[in-house]
Number of protein chains: 4
Amino acid sequence: MSRPKSDDKRIAILEAALRVFAERGNLSAPTSAISKAAGVAEGTLFTYFKSKDDLINELYRHLRARFDRALAEYPIKADAPTRLRYVWDRFIDRLLAQPEMLTLLVQLRSSGRLVKENEVPTVGIMEMLSTTRELVKGGKFENAPVELMVLMVRGQCEATAGYIHAHPEEEALSRELGFQVILNGLQGR
Amino acid sequence: MSRPKSDDKRIAILEAALRVFAERGNLSAPTSAISKAAGVAEGTLFTYFKSKDDLINELYRHLRARFDRALAEYPIKADAPTRLRYVWDRFIDRLLAQPEMLTLLVQLRSSGRLVKENEVPTVGIMEMLSTTRELVKGGKFENAPVELMVLMVRGQCEATAGYIHAHPEEEALSRELGFQVILNGLQGR
Amino acid sequence: MSRPKSDDKRIAILEAALRVFAERGNLSAPTSAISKAAGVAEGTLFTYFKSKDDLINELYRHLRARFDRALAEYPIKADAPTRLRYVWDRFIDRLLAQPEMLTLLVQLRSSGRLVKENEVPTVGIMEMLSTTRELVKGGKFENAPVELMVLMVRGQCEATAGYIHAHPEEEALSRELGFQVILNGLQGR
Amino acid sequence: MSRPKSDDKRIAILEAALRVFAERGNLSAPTSAISKAAGVAEGTLFTYFKSKDDLINELYRHLRARFDRALAEYPIKADAPTRLRYVWDRFIDRLLAQPEMLTLLVQLRSSGRLVKENEVPTVGIMEMLSTTRELVKGGKFENAPVELMVLMVRGQCEATAGYIHAHPEEEALSRELGFQVILNGLQGR
DNA sequence: GATGAATGAGCTTTCATTCAT
DNA sequence: GATGAATGAAAGCTCATTCAT
């Protein structure tokens, strides 16, 4: 094997895609713009990704993996509210660290281009699931479908991050409030 | 006098766009598919809409106008929870009546193709604003930014509609639960 | 017969075509722009002219007729130089009166859209022919093909008008010079 | 390294454009006809020329460069009439070698699609300028604007080439006559 | 006759992907 | 593996012409 596929280059392309897709809406940026932004030739993109769709799916996985990595120090032994708060904060952190991601994730999810395998929940979502289950126990939502609850938490989280993005000066307050609202809501007291 | 521009045809094109855009993600459906679905010639689309972007913006306004029309019997004199529930139910109604709309609205909002004027709140959102303001009064979120609250309500609503779309048999329950969670959350008791 | 085709309208369309074609090069202006400029409906243009090509040919004839009308007082009894000068001045007059025409004539001639019948010489050209024939008599170009001579006179005339258009302040001089050069040239002494 | 952009292909496209534009008037030939005539794919045309307008401008420069190249053996030390005759003959040569060019040049000039930079005089025109200046010295046109003179020479030249194109059997005579007329004319004796 | 909405062929240009170098 | 020229199938949009009103 002469030159091995470089992982650096792979990452460079993914990061370039993140940036470039965020600039033009709708995943409509041409692959040539992505390869240019990544500093590689147009053809090279296709030695790392079979097609644009493949790139898009890998990008989605890449972003989700980053979310999961952010949960490294998950306080597994803490109580449910603390654990939920941890996930909440990491999600917000990530969304604010790369605000393009917020829109991009939405676009990816609604693009109809993601393959089935990419529709499995991330570690973060799994944690939300179990935490939420615990939280509602004994409350008036004890018998509610947990999946619905999780969708709600995620929605709330993205709404909060969106608000903070528009009003950065209210970050601390919003982060807190958003969390309290959903916690309150779920506990049903 | 010649044939007048027919409003039926205009609506037919908008409805066709709704359907066709929902099928392929990212507003990427070709205008030719839309005109075909609307039963008009390719060129005709452009006598009703200056460009694809114009069509997209008009579509957004069209959808929003429909939401507003659904609020015709808004119980203006009822108490805040009742009023919020009314808006909540009408939103869910609409999203379920045309489930394509759920994805489409998200796509439209994140497309970067909407003009400024289309970013003003609908009547429904305005009502949410005033109702929410009233709801938090006296609670622990009294001083929270109302806009954030409204974003949360909308997020909750869309999450709930999404869940119902996937689990139609749980509609009544989910509709109720979703509302209770956000109401609980906002009232802070 | 209810309403007769109005000659005013016909002329209005031709004049509009002259203006509009001059603005965009290459006869590429859409018929809709012409009808708009003429103050008639798009379809109306086609009740006066069978097709765009027909309009173009009629426009050419219209312009040529105007040239011919300018020769109304042709000094038929004067000597050859005087007569050539008369034609020369009227040509220059016309080209300066509507400078768009200079470019337009060139475009029409090189468009490949003129029908055969429109390739016959105008009255002005006919006069040039006979005058030129007389002028070269006895000179060193006695046996030259008159058609070539006439092409030269026309070329000279258009070159002169073009120059005057760019340097209006030198009109009188240029008009005179241009004529002297071609007269000199033809007489061969 | 990849395949380098081939200059052959570039030239092939330009030559194809020359042919195809000449067939249909008004630069109205579709780019697809040009690429087909050049034996390349439709898209390839656009890797060599940014747009149709760019192609048109490059074509103009291409043709002008050819004129200039034809003057390689310009007899710089000869007297003015000899030098003018050299330029005259080379112009006629070129116009006859590719008769499409005669119409095409006219179309290009009157198209309104040429950029400013392409309006500078060619080497041939520059030579005409200086030669003409010398020719009129001492004659009755001593104080005439040289630019006008040059426009005249060019016009005369194109008229002559046009005539020869229609009457090839009179080439030698016409070439001579045309030149004599303009020389006579300029010298004013 | 006048109007302008309707039509659809045709245009320029873009872009994912291939492949010669 | 890397490169970028080559490809050709779309895409969005224009426009001469027709025809219902």
Side-chain angles (χ1 to χ4, degrees), chain A residues 1-6 9 28-36 39-56, chain B residues 1-6 9-10 28-36 38-56, chain C residues 1-6 9 28-36 39-56, chain D residues 1-6 9-10 13 28-36 38-55:
Chain A
M1 178 200 343
S2 43
R3 237 172 308 176
K5 280 200 227 180
S6 116
K9 223 165 258 182
S28 67
T31 54
S32 61
I34 296 169
S35 44
K36 192 173 172 188
V40 303
E42 285 185 37
T44 303
L45 189 151
F46 290 90
T47 76
Y48 286 86
F49 304 94
K50 237 182 27 246
S51 66
K52 191 180 181 178
D53 265 29
D54 183 35
L55 167 62
I56 284 171
Chain B
M1 232 234 312
S2 81
R3 212 173 328 172
K5 251 189 257 194
S6 115
K9 216 162 268 179
R10 196 190 127 84
S28 69
T31 54
S32 61
I34 296 169
S35 43
K36 194 171 173 188
V40 301
E42 286 187 33
T44 302
L45 189 150
F46 293 93
T47 76
Y48 286 86
F49 304 94
K50 260 204 332 274
S51 64
K52 190 179 182 181
D53 264 33
D54 184 34
L55 167 62
I56 285 172
Chain C
M1 174 198 351
S2 43
R3 235 170 312 175
K5 279 198 227 180
S6 117
K9 222 164 259 183
S28 67
T31 54
S32 61
I34 296 170
S35 43
K36 191 174 175 186
V40 302
E42 286 185 36
T44 303
L45 188 150
F46 290 91
T47 77
Y48 287 86
F49 304 94
K50 236 176 33 238
S51 66
K52 190 179 183 180
D53 266 31
D54 183 35
L55 167 61
I56 285 170
Chain D
M1 234 233 313
S2 80
R3 213 173 326 171
K5 252 191 257 195
S6 116
K9 215 162 269 180
R10 196 189 128 84
I13 294 171
S28 68
T31 54
S32 61
I34 296 170
S35 43
K36 193 172 174 186
V40 301
E42 287 188 32
T44 302
L45 189 151
F46 292 92
T47 74
Y48 286 86
F49 304 95
K50 254 204 333 275
S51 65
K52 189 179 183 181
D53 264 33
D54 184 34
L55 167 62

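Throughout, a chain's letter reflects where its sequence line sits, starting with A, and its residues are numbered from 1.
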Under the side chain to side chain contact (heavy atoms under 4.5 Å, CB included) test, which residues partner [X], sequence neighbours left out?
X	value
D:F46	D:T31
D:T47	D:T44
A:S51	A:D53, A:D54

Take atom [atom1] of [X] and atom [atom2] of [N], then tell me their distance rounded to the nearest Å.
X	N	atom1	atom2	answer
A:D54	E:dT18	CG	P	12 Å
A:L45	E:dT18	CG	P	12 Å
C:F49	E:dG1	CZ	P	14 Å

Query raised in the report: Using Watson-Crick and G-U wobble pairs whose two distances are both under 3.5 Å, how do you write the pairing of DNA chain E as dot-bracket, with | for links to another strand?
Result: .||||||||||||||||||||

Query - Under 4.0 angstrom between A:K9 side-chain N/O and F:dA2 OP1 or OP2 - result: yes

Query - Below 4.0 Å: OP1/OP2 of E:dG1 and any side-chain N or O of C:Y48 - result: no

Report task. Could you pull out the closest heavy-atom pair between D:S35 and D:A41, with the gap in Å? Result -> CB-O, 3.6 Å

Query raised in the report: So, the side chain of B:Y48 versus the backbone of B:S6: is there a donor-acceptor pair under 3.5 Å, distance only?
Result: yes

**Report entry** B:L55 side, atom CG; B:R10 side, atom CZ - distance, nearest 0.5 Å
**Finding:** 9.0 Å

Query - Gap between atom CD of D:E42 and atom OG of D:S32 - 0.5 Å precision - result: 5.0 Å

Report summary line: With B for base contact, S for sugar-phosphate-only contact and - for none (protein heavy atoms under 4.0 Å), nucleotides 12-17 of chain F reads SBBSSB

Query raised in the report: So which nucleotide from E:dT7, E:dA6, F:dT7 ends up closest to the side chain of B:A41?
Result: E:dT7

